[in-house]
Student: 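Have a look at the structure that comes next, please.
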Amino acid sequence: MFEITKYADRLLSDLDTVNYLPKIKKQQEEWIGRSEGAEVDFELHFVKDPSANENRGPNGEKARITTFTTRIDTLFGATYLVLAPEHLWVTLATDDQHDLLENKEEVKAYVESVKVRPEIERTAEGKEKTGVELKGVKAINPATGEQIPVFIADYVLPQYGTGAIFGDAHDVRDVAFAKKYNVPLKEVLIPTVYDHRNPPQEGKENTFRKTVLVIVRDPETNKYLCLKWKKQPWTTFITGGVEEGEDAIEASRREVEEETGYSDLRLIRPLGGMIESQFFAAHKNVNRRVHSQTVFFELVSRTQKERTQEEQEQYDLLWLTEEEVVAAKLQHGDFETFWPRVITGDDVFTGEGVLIDSGEYTGMKSEDARSVMTERYGRLVVKYKLRDWVFSRQRYWGEPIPLIHCEKDGWVAVPDAELPVRLPEVEKYEPTDNGESPLSTIDSFVNTKCPECGGAAKRETDTMPNWAGSSWYFLRYIDPKNDQAFASKEALKYWTPVDLYNGGMEHTVLHLLYSRFWNKFLFDRGHVPTSEPYARRHSHGLIMSEDGTKMSKSKGNVVNPDDIVNEFGADTFRVNILFIGPFEEAAPWTTNGVIGVRRFLDKTVRLVEKIAEVEDPAVTKMLHKTIVKITEDIENFRFNTAVAQLMIFVNTVQERGAITKESLGTFLKVLAPFAPHVANELWEKIGGEGFAEIQPWPVADTSILVEDEMQIAVQVNGKIRATITMPVGATDEEIVAKARAEENVAKYVTIEPKKVIVVKGKLVSFVV
RNA sequence: GGGCGAGUGGUGGAAUUGGUAUACACGCAUGCCUUAGGAGCAUGUGCGAAAGCAUGAGAGUUCGAGUCUCUCCUCGCCCACCA
């Protein structure tokens, strides 16, 4: 096991010092998965065996379970505790020494059932949550002092946090579990809405009301009951205050009957918890803070009592469809919060809001509550998703781990002089049936002498994973023949860090992380000069199969490059891959373009027939333009447009009919990285020395590229009406005058324009 | 469920900071040269008769939007009961 978690902080913070693609950085960050949270202790209370309550720790503390949470602000709503089935406390409580549980056998059976299930199944999404209550023991909520039940459930993972959580009403998983096992839930957090259209005003009285907001749906028409106000320009749902001694459901029924006359309603359910809104109530001239409960009903019968005169004067009833409700922009500041609950039925609130029912913290914002409650009830801790690295493998294929086990001296490292430990020659290297390494059956390998005492000892037979070599092979490549060290200090200093590491996205998480860790370890021990192994990390897209799916041998939809190489040549294949699309994006393989690339290379080969003493200045100019473009494109991984530019150059030469030998040579140097065979073939033909690709990279003469004319687009009210050509030195006035003189422009600009915009060298825009 | 990315001609795709959308290539059409053509060369090719209209849909900002903002749709990749 490698303690990579000890490097978690550095692996995260050092990302600031390297140039990785943002998405690669993000993946590293997420894999390391730092989260700040709190550990909270829950004391246990033993019901079955009260004597256990007297067992105190060395400092007089009671038995307790430590939970991890990032939302300590919901602590007052912790109505149960859940431990991972593998939690140490559970293991102890179910062993033969203890008799604390009323349902020990049931618990043991559940723990067993979880063990035999593969992890893939356990973590599958949408899986029904399972668990068992630990009967005979209660936990004490440190905030409320209440006794709460304790469960074990497989949705709590043993390796994350402390392997124990408290369950509350503000986590979808907890709510799903609590509903299934009939654990009561308690809302302690509500969303808060600040009405920006009618914000609370300075100096007005602040008032508080509990209200209901009632949504009534007619199941036959799927329409919702709304009120269209007569004296105000708005439409609302039915709302009203909750009176003394009334609950939200009763208040809702009363309001609906009063305001609309409907009374035959079927309750669907209250939608989520309350919502706090703050606004200025103009009609009462007070600031309002409202806790509103949304309640959802279905209309059973359309029988309607007559509404009072007063009600009829205030508003008309209106039935609106879902689309119409959204379009009507109802006069509710919290519409965005409660309406999704109607539509999706998803009403567990997990966001940031205001605490309710939380003792002295009631009314506090959740963010603020977290820091003060952590101080009072818990300890601030940082957790990582990153786990330690299980490094040993039970197979033949891998570097042997150079350790020897001696009965007397324990684990002893193989002395440096005997390194490396080599794999023995074997006929069979398949895994054994008993799960042990295949090496364990080879006595000549296993049996050895203890380097300490010289007595009989056994070698470690596990081997290293493939990641071992891939984490640092590039360091050896620097100085492969060195027999004193894996590479000399000088060579390391010269070559590292690696300037650019390009690879597929499949290696951006594990391999990148492992090799960074490995390098940091070597750095700490003084073996490499830099803490980070790679200065820059880029990635390429995948070439997909023609049907757009990933190529795989098992699917048989692979394209064999050899076929293309045989038919069209290696250069064609190479250039085509670059030309197919942006380097970073996945693209389906297609042979459609191959012929085009082949034609381009054929034309390129024929360029030698066009060698002449003089060439058209257009060719010279295009050559230098090409050098600039290719140089930039390579720098930015835009190989597809680089290839396009190569084609443009060849087309230009063909069009103009002649090229000097010197220009062709220059072109071959920029062609060489893309089509090395063709480039070198021609390079030799024109008498070039050595290889084209090792010549100094050409430098463009930018003075040739300066234009003496400019093309200027002329817009009138944003529409292109003409293009004019002007000498580069032309003033704005000259350009505008020429533009206005254009027939097609004059047609639209008949009066003096309101505004004229001139963009240097690009366009003129008239606004009329 | 979360994260990231992408939607532009018949097709793959260009368009550096908001400034002439469709570069380059495939395909297609017509012609030339050919005994022949999966060769070569030339010309044309977003839609529309035209005014005009077009970058997944809809809104917004702007003199001007493929590019910026918001809402939504579709597809791809990665991660996923991480408290």
Side-chain angles (χ1 to χ4, degrees), chain A residues 21-24 26-27 29-31 33 35 37-38 67-72 74 82 122-127 129 153-157 159-168 170-174 176-177 326 346 350 383-387 505-506 508-509 541-542 544 548-550 567 576 579-582 584-600 602-603 606 629 632-633 636 638 640-648 651 654 711-724 753-768:
Chain A
L21 286 182
K23 61 176 172 180
I24 295 176
K26 186 127 197 162
Q27 286 198 349
E29 280 164 12
E30 283 183 5
W31 193 262
S35 63
T67 63
F68 176 69
T69 180
T70 54
R71 292 304 298 268
I72 197 173
T74 64
V82 193
R122 174 167 175 177
T123 56
E125 191 204 350
K127 192 194 69 117
K129 294 195 169 23
D154 63 355
Y155 81 94
V156 174
L157 306 174
Q159 68 276 5
Y160 187 76
T162 58
I165 61 159
F166 63 78
D168 59 65
H170 302 289
D171 181 288
V172 284
R173 296 153 307 182
D174 292 348
F177 183 81
V326 174
D346 178 13
T350 60
K383 295 283 177 192
Y384 298 94
K385 285 191 215 171
L386 186 66
R387 294 191 229 166
M505 288 303 285
E506 70 274 17
T508 53
V509 181
L542 285 180
M544 312 292 267
T549 59
K550 229 181 186 166
E567 196 177 345
N576 186 54
F579 190 54
I580 225 165
E584 269 170 67
E585 272 164 44
W589 171 253
T590 160
T591 50
N592 289 345
V594 172
I595 187 65
V597 172
R598 174 64 198 229
R599 280 179 199 149
F600 154 67
D602 285 346
K603 277 192 253 180
R606 273 185 256 122
K629 175 84 172 136
E632 275 174 13
D633 280 352
N636 297 309
R638 289 199 300 251
N640 55 333
T641 53
V643 171
Q645 184 61 36
L646 294 171
M647 290 173 169
I648 290 170
N651 290 346
Q654 180 158 294
Q711 297 261 308
I712 292 171
V714 186
Q715 291 186 346
V716 182
N717 286 343
K719 284 195 167 44
I720 303 288
R721 294 301 177 189
T723 348
I724 54 173
K754 268 189 255 170
K755 208 169 164 189
V756 180
I757 293 142
V758 181
V759 180
K760 267 272 166 275
K762 289 256 165 97
L763 65 74
V764 186
S765 182
F766 295 101
V767 186
V768 294

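Please read these numbers as outputs of a predicted model, since none were measured by experiment. Chain naming here is simple, since letters A, B, ... match the order of the sequence lines and numbering starts at 1 in each.
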Student: For the P atoms, the ones on B:G52 and on B:C75, what distance do you get once it is rounded to whole angstrom?
Tutor: 38 Å
Student: Heavy atoms only, 4.0 Å cut-off, all strands: where does A:Thr70 land among base, sugar-phosphate and nothing?
Tutor: sugar-phosphate
Student: Without decimals, in angstroms, what is the distance between A:Ile24 CD1 and B:G3 C1'?
Tutor: 15 Å
Student: Tell me whether A:Asn636 contacts the main-chain N or O of A:Arg638 through its side chain, where contact means a donor paired with an acceptor under 3.5 Å.
Tutor: no
Student: Tell me, please, which residues at least two apart from A:Val758 pass side-chain contact (heavy atoms from CB on, under 4.5 Å).
Tutor: A:Asp732, A:Val736, A:Val756, A:Val764
Student: Rounding to an integer number of Å, can you tell me how far A:Asp633 CG sits from B:A23 C1'?
Tutor: 12 Å
Student: Considering only the P atoms, how many Å lie between B:A80 and B:C70, rounded to the nearest integer?
Tutor: 29 Å
Student: Can you tell me the distance, in whole Å, between the NZ atom of A:Lys385 and the P atom of B:G3?
Tutor: 12 Å
Student: With sequence neighbours excluded, tell me which residues meet ring-ring contact (aromatic ring centres under 6.0 Å, His included) with A:Phe166.
Tutor: A:Phe42
Student: Under the rule for side chain to side chain donor-acceptor pair (under 3.5 Å), what residues qualify as partners of A:Asp171, not counting sequence neighbours?
Tutor: A:Arg173
Student: Please tell me which of the listed nucleotides, B:A83, B:C53, B:U20, lies nearest to the side chain of A:Val156?
Tutor: B:A83
Student: Looking at A:Ser35 and A:Tyr160, what are the two nearest heavy atoms and their distance?
Tutor: OG-OH, 2.9 Å
Student: Quick one: A:Trp31 CH2 to B:C79 P, roughly how many Å, whole number?
Tutor: 7 Å
Student: Looking at the side chain of A:Lys26, which of B:A80, B:A83, B:G3 is the nearest nucleotide?
Tutor: B:G3
Student: With rounding to the closest Å, how many angstrom separate the C1' atoms on B:U74 and B:A57?
Tutor: 11 Å
Student: What's the closest nucleotide to the side chain of A:Ile720 if the choices are B:G3, B:C26, B:U20?
Tutor: B:U20
Student: Expressed as a whole number of Å, how far does the P atom of B:U45 sit from that of B:C33?
Tutor: 24 Å
Student: Apply side-chain contact (heavy atoms from CB on, under 4.5 Å) to A:Ala644 and list each qualifying residue two or more places apart in sequence or on a separate chain.
Tutor: A:Phe579
Student: Rounding to an integer number of Å, can you tell me how far A:Asn576 CG sits from B:U11 P?
Tutor: 19 Å
Student: Look at all strands and tell whether A:Arg598 reaches a base, only sugar-phosphate, or nothing, counting heavy atoms closer than 4.0 Å.
Tutor: nothing
Student: Considering residues at least two apart in sequence or located in another chain, which fulfil the side-chain contact (heavy atoms from CB on, under 4.5 Å) criterion with A:Val509?
Tutor: A:Gln27, A:Trp31
Student: Taking the C1' atom in each of B:A36 and B:A25, what is the distance between them to the nearest angstrom?
Tutor: 28 Å
Student: Please measure how far the P atom in B:U17 lies from the corresponding atom in B:C32, and state the result in whole Å.
Tutor: 47 Å
Student: So, for A:Ile720 and A:Ala713, which heavy atoms are closest and what is the spacing to 0.1 Å?
Tutor: CD1-CB, 4.1 Å
Student: Base, sugar-phosphate, or nothing for A:Gln27, non-hydrogen atoms under 4.0 angstrom?
Tutor: sugar-phosphate
Student: Suppose you measure atom C1' in B:C53 against the same atom in B:G2; what distance do you get, rounded to whole Å?
Tutor: 40 Å
Student: Which atom pair, heavy atoms only, marks the closest approach of A:Phe766 to A:Pro753?
Tutor: CD2-CG, 3.8 Å
Student: I need the minimum non-hydrogen distance between A:Ala176 and A:Lys129, along with the two atoms involved.
Tutor: CB-CD, 4.5 Å
Student: Under the side-chain contact (heavy atoms from CB on, under 4.5 Å) rule, collect the residues that match up with A:Asn651, sequence neighbours excluded.
Tutor: A:Lys603
Student: Which residues pass the ring-ring contact (aromatic ring centres under 6.0 Å, His included) test with A:Phe177, sequence neighbours left out?
Tutor: A:Tyr80, A:Phe151, A:Tyr155, A:Tyr181
Student: Under the criterion side chain to side chain donor-acceptor pair (under 3.5 Å), which of A:Arg598, A:Arg606, A:Arg599 is the partner of A:Asp602?
Tutor: A:Arg598
Student: Is a donor-acceptor contact shorter than 3.5 angstrom present between the side chain of A:Glu567 and the base of B:G38?
Tutor: yes
Student: Could you run through nucleotides 13-18 of chain B and give me one letter per nucleotide, 5' to 3': B if any protein heavy atom sits under 4.0 Å from the base, S if only the sugar-phosphate is that close, - if neither?
Tutor: SS----
Student: I want to confirm an ordering. Mapping A:Met647 and A:Asp171 to their closest nucleotides on RNA chain B, which one lands closer to the 5' end?
Tutor: A:Met647
Student: When you check every protein heavy atom under 4.0 Å of nucleotides 40-49 of chain B, what one-letter string (B, S, -) results, 5' to 3'?
Tutor: SS--------
Student: Expected output check: what is the dot-bracket annotation of RNA chain B, where ( ) and [ ] are pairs inside the strand (brackets for crossing ones), | is paired with another strand, and pairs are Watson-Crick or G-U under 3.5 Å?
Tutor: (((((((..(((......[....)))((((((.......))))))((....))..(((((..]....))))))))))))....
Student: I want to verify the glycosidic state of B:G9; is it syn or anti under the 90° rule?
Tutor: syn
Student: Nearest whole Å is fine: how far is B:G3 P from A:Glu29 CD?
Tutor: 14 Å
Student: Could you report the tightest heavy-atom contact between A:Thr74 and A:Asp168, atom names first, then the distance?
Tutor: OG1-OD2, 3.0 Å
Student: According to side chain to side chain donor-acceptor pair (under 3.5 Å), who are the partners of A:Thr641, at least two apart in sequence or on a separate chain?
Tutor: A:Asp633
Student: Check every strand shown and say whether A:Ile595 touches a base, only sugar-phosphate, or nothing at a heavy-atom separation below 4.0 Å.
Tutor: sugar-phosphate
Student: Remember a base hit wins even if backbone is also touched, and classify A:Lys719 as base, sugar-phosphate or nothing at under 4.0 Å, heavy atoms.
Tutor: sugar-phosphate
Student: Taking 4.0 Å as the cut-off, does a side-chain nitrogen or oxygen of A:Asn651 come that near to OP1 or OP2 on B:A23?
Tutor: no
Student: Which atom names give the shortest non-hydrogen contact between A:Ile72 and A:Ala38, and what distance separates them?
Tutor: CD1-CB, 3.9 Å
Student: In whole angstrom, what separates A:Arg721's CZ from B:A51's P?
Tutor: 10 Å
Student: Taking B:G56 as the reference, what is the distance to B:U67 when you measure between their P atoms (whole Å, please)?
Tutor: 8 Å
Student: Within the sub-3.5 Å range, which N or O atoms of nucleotides 63-67 of chain B have a protein N or O partner, and how far apart are they?
Tutor:
from, atom 1, to, atom 2, distance (Å)
B:C63, OP1, A:Lys755, NZ, 3.4
B:C63, O2, A:Ser765, OG, 3.0

Student: When you measure from the side chain of A:Arg71 to the backbone of A:Thr350, do you find a donor-acceptor pair of N or O atoms at a distance under 3.5 Å?
Tutor: yes
Student: Check the distance between B:U62's C1' and A:Lys754's NZ and give it to me in whole angstrom.
Tutor: 14 Å
Student: Hey, does A:Gln711 reach any base, or is it just sugar-phosphate, or nothing, if we go heavy atoms under 4.0 Å?
Tutor: base
Student: Which residue, A:Val597 or A:Tyr160, contacts RNA chain B at a nucleotide closer to its 5' end, judged by nearest heavy atom?
Tutor: A:Val597
